[in-house]
Each structure stands twice: as C-alpha cells, then as structure tokens.
Amino acid sequence: MPDAEASASGLPDSVTAGTLARRFGLEYRDAIEPQHLDPTLTARVPIQYARRAACLPLRQREDGAIEIALADPRKPQIVDDLRALFRQRIVPVVVPGATLLDSINRAYDDAQGSAESVMGDIEEGGLDEVAHELEEPRDLLDADDDAPIIRLVNSLLFQAVKDRASDIHVEPFERDVIVRFRIDGILYDVLKPPRRYHPTIIARIKIMAGLDIAEKRLPQDGRLRFRVAGRDIDVRVSIVPTQFGERAVLRLLDRTATLLELEELGLLGDNLEQLERLVERSHGILLVTGPTGSGKTTTLYAALTRLNSSSRNIITIEDPIEYQLHGVGQIQVNPKIDLTFASGLRSILRQDPDVIMVGEIRDAETAEIAIQAALTGHLVFSTLHTNDSFGALSRLIDMGIEPFLVSSSLNGVMAQRLVRRVCPTCRVPDVATAETERELGIPVGTEIYREGPGCEGCKETGYRGRGGIHELLPVDDDVRGLVMQRSDAAAIRRLATSRGMRTLRDDGAAKVIAGTTTVAEVLRVTQEDIVT
C-alpha cells in the first residue's frame with residue numbers, strides 16, 4: 001500500500017511521478033539503492049526539511065553536480081534551496097512519494113551518528129581561528145566555502161554553552177557584522193566575521209532551524225536542538241529583516257538543567273515562608289511580575305515542582321514551554337491555529353485541573369478567565385509585566401477587571417529581578433559610603449564588596465552567575481480595601497512598607513551586605529522608590 005501512503009501525504013504516487021518525470025524531462029527511478037546515498041550530503045540537510053520538502057540528496061556525480069531525489073518536480077524552490085546550500089549544480093531525479101519518504105527515514109536513521117557529530121560533538125576550536133579561515137582568499141569556483149561556515153556556526157553554539165550564554169545575537173550593520181553573547185543578562189561582543197559572509201551564516205542558521213532560506217523579507221521563528229558534552233540544548237531561533245540584512249537571535253535552553261526548588265530561589269527573611277503559604281493555598285491567583293528575563297518562569301516552575309504529585313492534576317499553557325515537567329500537562333501556545341492563552345485556558349478548565357499555570361496574562365480576556373478559574377476553586381499561577389508588585393493590582397483594573405474581582409481572587413504578587421553575583425575569586429572589599437546609605441539604606445562604613453578586575457573564572461567580568469531579588473506582597477484585607485477604592489500603586493506601597501514589607505531595593509541591599517552582589521548591580525536593575 002505504499003501509493004496509498006503517498007496519496008495520504010499529498011505526494012505523487014508511482015504513476016503520477018512517472019508522468020511528471022516525462023513532462024519535465026527528468027530521470028525517473030522507482031527505488032533508491034542504499035549504495036547511491038552519500039551520508040555526508042544527507043547530514044547537511046535537516047531531516048525536518050527533507051520530510052517537508054520531500055527531497056533527499058543522493059550523491060555527487062563525476063561532473064561535480066549533486067544528484068537529489070524529488071517527489072514533485074513542480075516545486076522549483078526546493079532545487080533553489082539545495083543549490084544555495086551546496087553551492088553546486090543540482091540534478092533532480094523523480095522518485096514516487098512513498099518510496100522517497102521511506103528512503104528519507106532509512107537514510108537519517110543510518111546517518112544518525114554523522115548528524116550527531118555535526119550537531120553534538122562540536123569541536124572546541126577557537127572562534128578566532130575559525131573566523132580566520134573565512135578571511136583567506138578563495139577561488140569563487142571553489143565549492144569548499146561551506147565547511148568553515150558550518151564550523152563557525154557550530155563553534156559559536158559550543159562557545160555560547162561553554163560561556164553560559166543565554167542568547168546569541170548575529171547583527172548586521174553597514175560595514176560589518178557583530179556576534180554577541182548575552183551572559184548573566186549583559187551583552188558582550190565575541191566576534192566580527194567578514195561582512196560578505198553574513199548571508200551564508202544566516203542561511204546556515206535557517207537550515208539548522210528548518211526555516212525558509214529563500215524568504216528574506218519576513219520574520220521567521222524556528223527551533224533546533226544539539227548536544228554538547230552530553231547536554232541537550234534547545235535553541236529558539238528568531239530571524240528578522242533589518243536595513244542591512246537579516247538579524248538572528250538564538251535563545252539557548254539547557255534541557256538537562258535542574259529546576260530550582262522554592263528554597264533555592266534566594267528568598268530572604270519571611271519571604272520564603274509567605275511564598276510557601278501562598279503556593280499551598282487551595283485556590284486563588286499568585287502573580288509573579290517583572291520584565292522579560294527576570295526569572296519569572298523559573299519561580300513558577302519551582303512552585304509547580306513543590307505541588308507536583310499524583311494527587312493533583314496540574315496543567316500549564318506556555319509560550320514557549322521552556323522545560324518539561326514530568327507529571328504536568330503542558331500546552332504550547334500556537335496563535336496560527338488560534339490556540340492562545342485565553343482559548344487554551346478555557347479548554348484547561350474542562351480538564352478538571354487542581355492547579356493551572358498561565359504563562360502570561362496579556363489581555364483582559366485571559367485575566368477574566370484566570371480570575372473566574374480562581375473563584376471556582378482552582379489555584380492559578382501566572383506572570384504579568386509590571387515594574388513592581390504594587391503596580392500589578394492597578395494594572396489588572398486598568399485592563400478592565402472589576403476591583404471586587406481583583407480583590408477577591410488575588411492571593412499575592414511577587415516582583416523579582418535578576419542581579420549578577422559578584423565573583424568570589426576576584427571581588428574587592430569595600431565599605432558603604434554616604435551615597436550608598438542614601439540609595440540603598442546601607443549604613444556608612446558597612447563592609448561590602450564591589451566587582452574585581454576579572455579573572456579566568458568570571459571571564460574577566462567581575463561577576464559570575466545570577467541570583468534573584470524579590471518583593472512579595474500578600475493581598476490581605478487592608479490591601480483589598482485599597483483595591484476596592486481603586487487606589488494607585490503608591491498608596492498600596494505606603495501601606496505595605498509601613499508594615500515592614502521589604503521592597504526590591506531593600507532585598508537587594510540585604511544581598512549586598514551578604515556579599516553576594518554589588519551596589520552597582522542592585523541600582524542597575526531597580527528603579528527609584530516612589531516619592532510619597
């Protein structure tokens with residue numbers, strides 16, 4: 001029944017494929033012999049692309065052309081893509097759809113070791129050494145230019161993992177290209193490859209992520225996965241067109257990274273006890289606020305890990321799913337098919353959940369459904385983009401949510417930021433000044449630390465790793481009263497701080513005194529307190 005399988009997949013069967021081959025004057029084959037496959041060519045085409053395009057590179061002919069198998073020669077874009085990839089002449093042969101799909105599966109199964117050697121066992125060569133290969137003049141007819149490009153991109157991925165980078169930026173400008181790594185929240189320049197190789201670097205990234213290398217006018221998003229020293233790394237790829245060419249940002253997610261427990265989030269004083277009480281409530285909403293990249297999702301995952309047991313039904317809807325939680329049902333948002341936070345949340349409520357996590361409350365519709373879920377006996381976790389915990393309450397009201405709904409459903413709000421930890425090896429002792437006391441309330445003369453000159457352990461930055469500073473606002477009867485009066489964030493702040501609540505800057509000051517971070521870091525990530 002192979003032709004039936006091909007028909008189901010929308011590919012030409014043997015009769016149609018033969019007719020198409022005659023129409024286009026191409027060679028027709030009803031089978032692909034294993035000895036006609038070159039694994040080195042197969043390894044250069046991602047299996048996702050091969051299956052989607054129904055194509056398979058076969059071998060390099062004596063005249064230098066690459067022979068490829070196609071199921072449908074009516075799609076010239078596939079030949080153009082492969083010509084751009086291999087930089088050689090492409091000679092297509094037509095093969096029935098089912099036969100081709102079977103050959104693709106067998107070829108990639110056989111070539112698994114080769115693919116892993118390309119994507120996983122990345123050589124630890126220096127980036128400068130690889131980039132130097134690009135500078136060497138080459139004959140334009142020499143088809144070996146792809147090799148250093150592949151090595152360059154692979155080395156970038158390896159170096160990013162080695163340097164603990166969360167993002168890789170490839171940014172084209174008028175006269176040069178800059179590659180930067182985001183390490184501990186700060187961008188650093190790492191490489192300036194020749195400008196003329198920018199299109200090839202972007203094409204390589206697109207191919208690895210299964211994107212359309214011919215589309216240069218529209219933004220594209222994709223994913224890829226590779227292994228480094230036994231660690232599985234997921235990469236989210238974003239390509240956007242700019243004035244001087246396409247810009248790529250690759251977000252690296254270590255799938256083998258262990259999830260933090262609530263005790264490991266760095267909560268000080270009674271913040272941990274209060275958060276544990278809020279997490280273990282039977283119903284209501286707990287919000288975590290802060291800008292992008294402030295660790296909100298990590299905090300929510302820690303809360304889910306605490307609650308995760310066979311006696312609870314936990315379901316999440318996220319964009320994207322950053323880490324897989326065993327025993328938790330996780331849904332990926334997909335706007336293309338109208339699977340949004342709001343529509344997904346409605347479906348979750350029909351799954352008899354005990355605990356729900358919504359990746360982000362972006363609009364009034366999502367907020368209303370989350371509040372209704374909380375009021376009907378569900379425990380809901382979510383995030384909101386506000387500068388502090390106090391602003392979250394007024395933000396929900398500004399969205400159009402009635403104050404009585406906000407006050408009756410919200411259990412608490414925690415704001416957080418990530419600050420870089422001062423390197424314990426090269427940090428420099430210091431003392432608090434009058435300015436430090438004015439800004440953070442640290443008494444003059446208190447022994448603290450500032451960043452050092454840098455060392456090998458911290459990559460000459462003076463900092464290594466990041467930790468959180470937090471601000472936890474439990475919503476009690478007094479806070480609910482202010483919400484019902486539509487009071488602004490400043491009024492809620494006055495009430496909370498008058499009762500001893502620790503603000504973000506207060507928590508940051510405590511960690512400066514503890515020697516884990518610096519005054520400069522706390523001031524960098526926090527804003528001035530509201531003048532009352």
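- You'll find the side chain of Arg236 stays beyond 4.5 Å of the side chain of Asp221, heavy atoms only.
- Legend: residues meeting salt bridge (Lys or Arg N to Asp or Glu O under 4.0 Å) with Arg217, ordered by chain and number and at least two apart, are Glu215.
- Among residues two or more places apart in sequence or in another chain, the side chain to side chain donor-acceptor pair (under 3.5 Å) test is passed with Arg164 by Asp184.
- Side-chain polar atoms of Arg450 and Thr518 form no donor-acceptor pair below 3.5 angstrom.
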Q | Stepwise side chain to side chain donor-acceptor pair (under 3.5 Å) check, Thr517 with Arg421 | A | CA-CA 5 Å; Thr517 189; Arg421 293 191 180 102; over 6 Å; no
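- Checked by atom type and distance alone, the side chain of Ser343 pairs as donor or acceptor with a backbone atom of Asp338 at under 3.5 Å.
- Going from atom OG1 of Thr316 over to atom CD1 of Ile321 covers 6.0 Å, rounded to the nearest 0.5 Å.
- In terms of heavy atoms, Leu418 sits closest to Ser294 at CG-O, 3.5 Å.
- The main-chain N or O of Gln372 is found under 3.5 Å from a side-chain atom of Thr376 such that the two form a donor-acceptor pair.
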Q: Determine, stepwise, if the pair Ile469 / Gln416 fulfils side chain to side chain contact (heavy atoms under 4.5 Å, CB included).
A: CA-CA 6 Å; Ile469 58 175; Gln416 65 181 61; over 6 Å; no
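- Between atom CG of residue Leu275 and atom CG of residue Leu265 there is a gap of 7.0 Å, rounded to the nearest 0.5 Å.
- Residues Val237 and Ile239 meet the side-chain proximity criterion, which asks for heavy atoms closer than 4.5 Å.
- Residues meeting the side-chain contact (heavy atoms from CB on, under 4.5 Å) test with Val249, sequence neighbours left out: Asp167, His169, Arg247.
- Glu435 and Thr433 share no side-chain donor-acceptor pair at under 3.5 Å.
- The backbone N or O of Thr425 sits nowhere less than 3.5 Å from a side-chain atom of Arg464 that would complete a donor-acceptor pair.
- For the pair Leu384 and Val288, the minimum side-chain heavy-atom distance is 4.5 Å or more.
- Legend: residues meeting salt bridge (Lys or Arg N to Asp or Glu O under 4.0 Å) with Asp476, ordered by chain and number and at least two apart, are Arg499.
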Q: Test Asp354 against Leu307 for side chain to side chain contact (heavy atoms under 4.5 Å, CB included), laying out the working first.
A: CA-CA 10 Å; Asp354 297 299; Leu307 297 176; over 6 Å; no
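- For Glu261 and Thr305, the side-chain atoms include no donor-acceptor pair closer than 3.5 Å.
- Side-chain atoms of Asp163 and Tyr188 form no donor-acceptor pair, as typed in the model, at a separation below 3.5 Å.
- In this structure, Met357 and Ile314 have side chains that are not in contact, with every pair of non-hydrogen atoms separated by 4.5 Å or more.
- With sequence neighbours left out, the side chain to side chain donor-acceptor pair (under 3.5 Å) criterion links Arg362 to Asp319, Glu360.
- Listed by chain and number, the residues in a side-chain contact (heavy atoms from CB on, under 4.5 Å) with Arg502 are Leu268, Asn271, Asp506, Asp507 (sequence neighbours excluded).
- With sequence neighbours excluded, the residues that form a side-chain contact (heavy atoms from CB on, under 4.5 Å) with Ser311 are Ser309.
- In summary, the side chains of Glu318 and Tyr323 do not present any donor paired with an acceptor at a separation below 3.5 Å, with no hydrogens or angles considered.
- Salt bridge status for Glu471 with Arg417: absent, with no side-chain N to carboxylate O gap under 4.0 Å.
- Note that CG of Leu252 is 5.0 Å distant from CZ of Phe226, once rounded to the nearest 0.5 Å.
- Tyr463 has its side chain out of reach of Ile183: every pair of non-hydrogen atoms, C-beta onward, lies at least 4.5 Å apart.
- With 3.5 Å as the limit, one finds a donor-acceptor pair spanning the side chains of Thr366 and Asp363.
- Remark: Glu263 pairs with Arg306 by the salt bridge (Lys or Arg N to Asp or Glu O under 4.0 Å) rule, at least two apart or across chains.
- Every residue was checked against the side chain to side chain donor-acceptor pair (under 3.5 Å) condition with Glu437, not counting sequence neighbours, and none meets it.
- Contact of the Leu260 side chain with the Thr298 side chain is registered, since non-hydrogen atoms from C-beta on lie closer than 4.5 Å.
- Remark: side-chain polar atoms of Asp488 are paired, donor with acceptor, to backbone N or O of Ala491 under 3.5 angstrom.
- Put simply, NE2 on His470 and OG on Ser389 are 12.0 Å apart, with the number rounded to the nearest 0.5 Å.
- Checked for salt-bridge contact, Lys192 and Glu171 miss the test: no charged N lies under 4.0 Å from a carboxylate O.
- Applying the side-chain hydrogen bond (donor to acceptor under 3.5 Å, both in side chains) test to every pair with at least one member in residues 393-412, sequence neighbours left out, gives these pairs: Arg281-Asn411.
- The closest donor-acceptor contact from the side chain of Asn308 to the backbone of His326 lies under 3.5 Å.
- Using a 4.0 Å cut-off between charged nitrogen and carboxylate oxygen, Asp234 and Arg251 do not count as a salt-bridge pair.
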Q. Ile233 and Leu157: side chain to side chain contact (heavy atoms under 4.5 Å, CB included), yes or no, with the steps?
A. CA-CA 10 Å; Ile233 309 295; Leu157 292 169; over 6 Å; no
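- By the salt bridge (Lys or Arg N to Asp or Glu O under 4.0 Å) test, Glu521 is found to be paired with Arg420, Arg524, residues two or more places apart in sequence or in another chain being considered.
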Q: Report the C-alpha distance between Tyr49 and Ile207 in whole Å, list the side-chain angles of each, state the deciding distance to 0.1 Å, and finish with yes or no for side chain to side chain contact (heavy atoms under 4.5 Å, CB included).
A: CA-CA 8 Å; Tyr49 180 84; Ile207 288 170; over 6 Å; no
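- For His385, the NE2 atom counts as densely surrounded, since its 6.0 Å shell holds more than 12 non-hydrogen atoms of other residues, nucleotides or ligands.
- Taking 4.5 Å as the limit, some side-chain heavy atom of Arg480 sits within range of a side-chain heavy atom of Val475.
- A distance-only check finds no donor-acceptor pair linking the side chain of Lys216 to the backbone of Pro199 [under 3.5 Å].
- Note that CG of Leu472 and CD of Glu273 are 11.5 Å apart. Values are rounded to the nearest 0.5 Å.
- From Leu473, atom CG reaches atom CG of Asp388 across 9.5 Å, with rounding to the nearest 0.5 Å.
- With sequence neighbours excluded, the residues forming a side-chain contact (heavy atoms from CB on, under 4.5 Å) with Pro353 are Asn313, Ile315, Ile348, Ile356, His378, listed by chain and number.
- Residues Ile178 and Phe173 meet the side-chain proximity criterion, which asks for heavy atoms closer than 4.5 Å.
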